[in-house]
Number of protein chains: 2
Amino acid sequence: MNEAVFLEAPAGLARLRRSCSLCSLQQLCLPSGLDAESLAHLERTLRRPRRVRRGEHLYFVGTAQEALFVASSGALKTVSISEGGEAHVVGFHLPGELVGLDGLAGGVHRCEAVALVDSEVCEVQLDRLNAVAREVPGLQAQLLRVIGRSLERDHLHAGLLVRRQAHERLALFLQGLSERYALVGASASELRLPMSRDDIARYLGLALETVSRGLTRMQEDGVIDVRGRRVCIRDPAALALLAHDGEACEGLSGRQSA
Amino acid sequence: MNEAVFLEAPAGLARLRRSCSLCSLQQLCLPSGLDAESLAHLERTLRRPRRVRRGEHLYFVGTAQEALFVASSGALKTVSISEGGEAHVVGFHLPGELVGLDGLAGGVHRCEAVALVDSEVCEVQLDRLNAVAREVPGLQAQLLRVIGRSLERDHLHAGLLVRRQAHERLALFLQGLSERYALVGASASELRLPMSRDDIARYLGLALETVSRGLTRMQEDGVIDVRGRRVCIRDPAALALLAHDGEACEGLSGRQSA
DNA sequence: CGCTCATTTGAGGGGGGTCAAGTAGAGTGG
DNA sequence: CCACTCTACTTGACCCCCCTCAAATGAGCG
């Protein structure tokens, strides 16, 4: 197996990300669709790159919300802590995706954001955003679009949690992750998961052990290869079948006929 | 029991809602925090009241998104249809709450919105919103706040679905509903549910029967009174206990000592 | 009054949670 | 480079909650 394929971020991104106009995430990101002049303006006034090391917090619960963040490399998670102290993973955030929308309502963060691996984000000052949005036509609309994508992911997540069997949730999770990695130019079939089994469990509403068993089972069925946090999707069609109607376990990949 | 307390909408709202400046939802709604002049401008250019009868659709899946809606009376649900044809209730929308954010990403609705009872909504034209937002200072920020609230509800919803027992989900659901009704001036203790058991089940990720059993059980425990869609919260503290750590079933309201 | 649909109630089985123990990796210091 | 440790992950056994199927009861309405 080729180890080089498991990547943390698209190759070459490190150099490009210093400027919005060069950034490979541009079409996903806030600046999308803006002309060169607006882009330059935006970059001067808004953007502020920032590094977050693995395990480091981008913000905490209760912190005043001063900015929105766009992940540019690596991966983050947002976690909400329930009254009982249980952590629930609200979302995972890959390059190009917005972080920090929680707290948009009250100006105070309801979640905490943690880097799963060494990551980089673009910080967008909120107070300036409103000012700039009035000057730069299209930015407001683009902001709504990016927020909309975030909302869409939340709804997909909710859909994951409702009345789905464990293996359906897992399959949908892997499928979604694969699609999102493909969006940023990474391999859709060979993933290096930035999150632990525990994170996945808290995201999917399952027990840690169930996640582990589920992955093992999918490997036995020939759908994926698992080795720690390295996952290789062997049979995307079978994965899709698992995701959409969990009953497709038998006779999938010739486990019985072999 | 006083039937008059079960209300579809705050008393007097019907007359007030014809104007944003008079609407009792103002502080929840988009126009909040705007001065009189901006408000008038907003009202002339944006707002368009609309009635939706019980069971009628506000929009369908796949429809182009042309507007955002703010519920002003009644109640609606948004439903997403999974690949298998199963309906999942994404959210319930009470007066003052935003409807139609799905599809903000792609411009096409991913859910359908249905009125649970005869309702009224304010239609906010999207194409005009962007223009007006540039003229009216504060509108952009307020829009983000309202969207933020919607996001917050989504996250609460997701929190409901993750690793919670059936009675915890039910308790949290009732509690949340009670709080939201109180926000619009309705009774927090005597609710007339606008949605069916099936809707609740599809919202909470449970079987219809489990919802029914759960409500019955909470009634036996003296926490609530249920009669069809009329729910009276007898013991809010006990409800909160049930919601926060499901283990508080025994010895709650003296069922054993009585 | 009789229809239909919503809701309740019952019985039974399975999926996944919990508890518990074992194994493999990753990082650290000798 | 290797041994050690700690954490992450896997695997097993058992049991309970909730889903499923099925039937009865109740509510709303023409």
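Within every chain, numbering begins at 1; the chains are lettered A, B, ... in the order of the sequence lines, protein sequences first and strands thereafter. Because only heavy atoms are used, hydrogens play no part in the values below, and waters and symmetry mates are left out as well, while side chains stay in.
When side chains are defined from C-beta on, A:Val114 does not count as touching A:Glu56, because their heavy atoms never get closer than 4.5 Å. A:Leu98 has its side chain out of reach of A:Phe69: every pair of non-hydrogen atoms, C-beta onward, lies at least 4.5 Å apart.
B:Asp102 and A:His155 are not linked by any side-chain donor-acceptor pair at a separation below 3.5 angstrom, with hydrogens and angles left out of the test. No side-chain N or O of B:Glu120 forms a donor-acceptor pair with one of B:Ser72 less than 3.5 Å apart.
Backbone-only engagement by B:Leu206 is indicated by non-hydrogen atom pairs under 4.0 Å involving sugar-phosphate atoms exclusively. Using a 4.0 Å heavy-atom cutoff across all strands shown, B:Gly205 reaches sugar-phosphate atoms only and no base atom.
Side-chain N or O atoms of B:Ser212 include none that pairs as donor or acceptor with a backbone N or O of B:Thr210 at under 3.5 Å. Put simply, the side chain of A:Ser178 gets close to the backbone of A:Ala188: a donor and an acceptor are under 3.5 Å apart.
For B:Arg180, the CZ atom is densely surrounded, since the number of other residues' heavy atoms within 6.0 Å is greater than 12.
For B:Glu209 against D:dC21, a side-chain-to-base donor-acceptor contact under 3.5 Å is present.
Rounded to 10 degrees, the angle separating the terminal helix axes of the helix from C:dC1-D:dG30 to C:dG30-D:dC1, each built from five base pairs, is 40°.
Mapping B:Arg213 and B:Ser196 onto DNA chain C by nearest heavy atom places B:Ser196 at the nucleotide closer to the 5' end.
Nucleotides of DNA chain C with any atom under 4.0 Å from a heavy atom of chain B span, from 5' to 3', C:dA6 to C:dT18.
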